[in-house]
Asks: 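This is the structure, below, for whatever I ask next.
Quick caveat: nothing in here was measured; it's all calculated off a predicted structure. Numbers here simply count residues along the sequence, with the first being 1.
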Amino acid sequence: MEDNFSYCTQMLKEPLQLGKLVGSGSQFEVEQSPFGAGDDDFNVDEMEDSDNAPDVDEEELASPWTQSFEELKKLMEPINENIFKRITREGHQGRGLVPDKARVAVRYSGYWEGESSPFDSSLMRRNKFYFETGAGCDVLEGLQAAVLTMRPYEKAEFIISYKLLFHEMGCPPRIKPRSDGLFKIEVLHFTLIGDSDAFASMAAVDQDKFAIVYPKALDMHMHGKDCVKRFRYRNAITAFERAVSSLNYCRLANDEDERKQIALLITLNQNLMICYNKLHNPQRVCITMKALRRLTENKPSCKALYQEGCALSALGEYEDARCIFMQAQAKQPDNNEISAKITDLDKKIKKYKEASQDIWTRALSGQKFKEVKDETKCNPSLEELVKVLETSEKSSVEFLRGAYINSDIVMLSKMAKEHKMKLTVSAIDENELTLSKLNLH
């Protein structure tokens, strides 16, 4: 059970083998990037902030400036009294600046004045450096402030005052006291992370006011998407469900409020369907789809149909699942993933029919075998009939055939021969049989 803590679950690059772990021991390596194995399903609503920048060659570690910082400041633009900036590569102009409440990936190197080698660099660790902006950020105040002035793909150099770095004392010998730093920073990409406590500060009287609830629902939605990227699907479901619940009980002022409410509810419900499927809860997917059909006037998106098809398939409802996938394919005829699902279902349906046919064949052949096997024994009442007639003074006895099965009559006919008797059928009524002693004299 996942808890709503602020830490991020660490993924391993390779799974551990239990046998080795408890035996000879096992080595493992932590996946450093929380985006290392993104979630393709969440492309349904652009869950991933795409990074279209080309691959960047690894920067050299040498400092770009070994002279006095005062001379370099003249070539820079002041951000404020503590930070000066020079852009060395423009970022994506279509993207905004790195905001608060975002998870950002950067490469950086830090240098002291007059030194050519860095005192710290993500390049030396050969990894991107990830951190979350906003209150409670656990990186240097000056580094965060510098990154907040940048766009994705941008490279820049900053001189940052010691007041926003290691302050008066530093940590000698590596961290000099009262020393400004030169930083080379490259922003690779960022994603919004929302706020898990978005509704915590909302007053009870505001809980039905759409103008107040809607921005917080958006914030909760962002938090849920961030949880998905870190594979914390239960936390994501909690966030999405809270956002849905808050929106459902809002008072709407006009048609525009209703349009925005429905649009966000559709997105939230689609994301819930994805999360439920990830946690192997197909029943909840189908329940959520009912709500989605109401919201869309029974015109769900292709991606919602895809999730419903996956859920029905997991429930063993192969025919219904195929029907849903066919509806999805009608909306996106060139979608290879949907085509693959239909092909897979066709195989499952064929296999199911063959298995069912085989079961019935075995059942019927078993019944025949049982009948043949039963032919080795005779009905006890007929055995008694033969014994009574044999010791009786009577020469014959009549009885009705309908009370016995075919195998009983066959066995009686054999017994009759063994006991020097014969079995005959009435010429008037074929249901009447006569067992009589043979007259051998």
Side-chain angles (χ1 to χ4, degrees), residues 6-16 26-38 48-49 51-66 83 85-89 91 98 102-134 136-160 162 164-167 170-177 179-191 193 226 229-232:
S6 59
Y7 63 79
C8 171
T9 302
Q10 294 295 306
M11 307 299 293
L12 300 183
K13 287 189 174 181
E14 297 292 339
L16 290 175
S26 182
Q27 293 182 342
F28 63 89
E29 187 176 356
V30 174
E31 173 62 63
Q32 295 294 330
S33 167
F35 306 128
E48 291 289 341
D49 285 308
D51 179 17
N52 297 320
D55 292 337
V56 181
D57 293 335
E58 185 176 312
E59 297 175 338
E60 296 183 358
L61 291 175
S63 172
W65 188 270
T66 57
I83 300 178
K85 177 181 180 180
R86 177 171 68 172
I87 297 175
T88 57
R89 185 179 74 192
V98 176
R103 182 173 291 102
V104 59
V106 301
R107 295 190 183 104
Y108 74 92
S109 297
Y111 308 86
W112 300 127
E113 188 171 13
E115 295 188 2
S116 60
S117 298
F119 65 84
D120 185 27
S121 175
S122 64
L123 302 180
M124 292 189 292
R125 295 184 290 276
R126 298 186 179 276
N127 278 320
K128 303 172 186 178
F129 178 65
Y130 291 87
F131 69 94
E132 296 180 7
T133 61
C137 179
D138 57 358
V139 302
L140 292 170
E141 181 182 356
L143 179 59
Q144 177 183 216
V147 168
L148 291 176
T149 69
M150 302 177 69
R151 302 175 189 273
Y153 191 57
E154 180 181 334
K155 284 184 179 180
E157 296 169 357
F158 296 87
I159 292 179
I160 303 175
Y162 70 91
L164 302 181
L165 296 176
F166 301 100
H167 304 283
C171 188
R174 185 182 175 200
I175 306 300
K176 297 182 178 181
S179 293
D180 297 345
L182 168 61
F183 282 80
K184 288 194 305 184
I185 302 174
E186 176 188 5
V187 171
L188 302 174
H189 54 78
F190 69 83
T191 54
I193 61 174
D226 181 63
K229 292 174 186 177
R230 292 183 287 162
F231 311 104
R232 300 173 66 186

Asks: Classify the ring geometry between Trp112 and Phe119 as parallel (under 30°), tilted (30 to 60°) or perpendicular (over 60°).
Replies: parallel
Asks: For the residue pair Pro64 and Glu157, what are the closest heavy atoms and their distance?
Replies: CB-OE2, 3.3 Å
Asks: Does Tyr130 have Arg103 sitting over its ring (NZ/CZ under 6.0 Å from centre, angle to axis within 45°)?
Replies: no
Asks: Can Arg174 and Asp120 be said to form a side chain to side chain contact (heavy atoms under 4.5 Å, CB included), step by step?
Replies: CA-CA 9 Å; Arg174 185 182 175 200; Asp120 185 27; 3.8 Å; yes
Asks: Between the side chain of Arg107 and the main-chain N/O of Ser122, is any donor-acceptor distance below 3.5 Å?
Replies: no
Asks: Assess whether side chain to side chain contact (heavy atoms under 4.5 Å, CB included) is satisfied between Leu123 and Ser109, documenting all intermediate values.
Replies: CA-CA 7 Å; Leu123 302 180; Ser109 297; 3.9 Å; yes
Asks: Taking it one step at a time, do Val147 and Val187 satisfy side chain to side chain contact (heavy atoms under 4.5 Å, CB included)?
Replies: CA-CA 7 Å; Val147 168; Val187 171; 4.2 Å; yes
Asks: Between the side chains of Glu113 and Lys176, is the shortest nitrogen-to-carboxylate-oxygen separation below 4.0 Å, so that they form an ion pair?
Replies: no
Asks: Hey, are the side chains of Phe183 and Leu165 touching, using non-hydrogen atoms and a 4.5 Å cut-off?
Replies: yes
Asks: Please answer whether the main-chain N or O of Lys155 pairs with a side-chain N or O of Thr88 as donor and acceptor at a distance below 3.5 Å.
Replies: yes
Asks: Check step by step if side chain to side chain contact (heavy atoms under 4.5 Å, CB included) holds for Gln144 and Val98.
Replies: CA-CA 10 Å; Gln144 177 183 216; Val98 176; over 6 Å; no
Asks: Please report the closest heavy-atom contact between Tyr162 and Ser179, naming both atoms and the distance.
Replies: CB-O, 3.2 Å
Asks: Do Phe158 and Thr149 have side-chain heavy atoms sitting under 4.5 Å apart?
Replies: yes
Asks: Any side-chain heavy atom of Tyr111 within less than 4.5 Å of one from Thr66?
Replies: no
Asks: Counting N and O atoms only, with roles assigned by atom type, does the side chain of Lys229 sit under 3.5 Å from a partner on the main chain of Thr191, one being a donor and the other an acceptor?
Replies: no
